[in-house]
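Below: one structure, written as structure tokens.
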Amino acid sequence: MASGNWVKLEKTTYMDPAGNTRTWETVKRTTRQKNTEADGVGIIAVLKRTLHKDCMVMVKQFRPPLGCCTLEFPAGLIDEGETAEMTALRELKEETGYRGEVVGVTPVTCLDPGLSNCTTQIVLVNINGDDGENMHPTQELGGEFVEVILLPLDEIQTKINDLLQKEKIMVDSKVYIFAMGMAQAFFKPRELPVLKQ
Ligand SMILES: Nc1nc(=O)[nH]c2c1ncn2[C@H]1C[C@H](O)[C@@H](COP(=O)(O)OP(=O)(O)O)O1
């Protein structure tokens, strides 16, 4: 239907469970590399430093489709010949200046399946903040404008809520779901169990 340098709009033909042929308006990225089912990666990066709380390394940037800034995990598209792990370490260095170590990776996951076939792998990365090269991180941005935001892991939902109150900023759903999960993990086990009616 329409095609640009980064995305295209297609009419996808499929058969529904009743055997009827139908169509769906679908957005696809045009940049997906051979030998990968993922368009890009998201990076859950945890900065670990002596005598500091563990912090999530987040990024704030203006996103043209939304017309506002977003709070996201560092992220980026997979380049030719890269694995998800390689992309994660490259993008983390470019966007935040930190050098990390991969400690986990998800399967290929979808992002907005009612609209698009866009996919991502989420890569979990630890950053040794006591390491000399991570003490003064320097971004390597070629024309991108990305602000690094550190949020303490054990208060992440509250800190995000504070940011949303203070600034006109939109939070990525992956980030907020992660924050809700962390809040549950940190606080629920410490509550005394009570009988639920
Ligand atoms: N849908 C897009 N439209 C564009 O006009 N440009 C786009 C789109 N998607 C990616 N890009 C361009 C813009 C930047 O030059 C790079 C950034 O990509 P990357 O760092 O890999 O990913 P994000 O940080 O998630 O944008 O790609």
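Indexing begins at 1, ligand by ligand and atom by atom, following the structure's order.
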- So with a 6.0 Å cut-off around OH of Y14, is the heavy-atom count from everything else above 12? yes

- Using the side-chain hydrogen bond (donor to acceptor under 3.5 Å, both in side chains) rule, collect all pairs that involve residues 137-146, keeping only residues at least two apart or in two chains. none

- Partners of N20 by side chain to side chain donor-acceptor pair (under 3.5 Å), sequence neighbours excluded? D16

List, one per line, each side-chain donor-acceptor pair under 3.5 Å for residues 101-110, sequence neighbours excluded.
| unit_1 | atom_1 | unit_2 | atom_2 | d |
| --- | --- | --- | --- | --- |
| T106 | OG1 | I122 | N | 2.9 |
| T109 | OG1 | T120 | O | 2.8 |

- Query: Just wondering, are more than 12 heavy atoms of other shown residues or ligands nearer than 6.0 Å to CZ in R99?
  - Reply: no

- Item | Shell of residues surrounding ligand 1, defined by a 4.0 angstrom heavy-atom cut-off that is strict | W6, R29, R63, A75, G76, L77, E91, E95, E144

- Message: Checking the side chain of T70 only, and the main-chain atoms of E72 only, is there a donor and an acceptor separated by less than 3.5 Å?
- Response: no

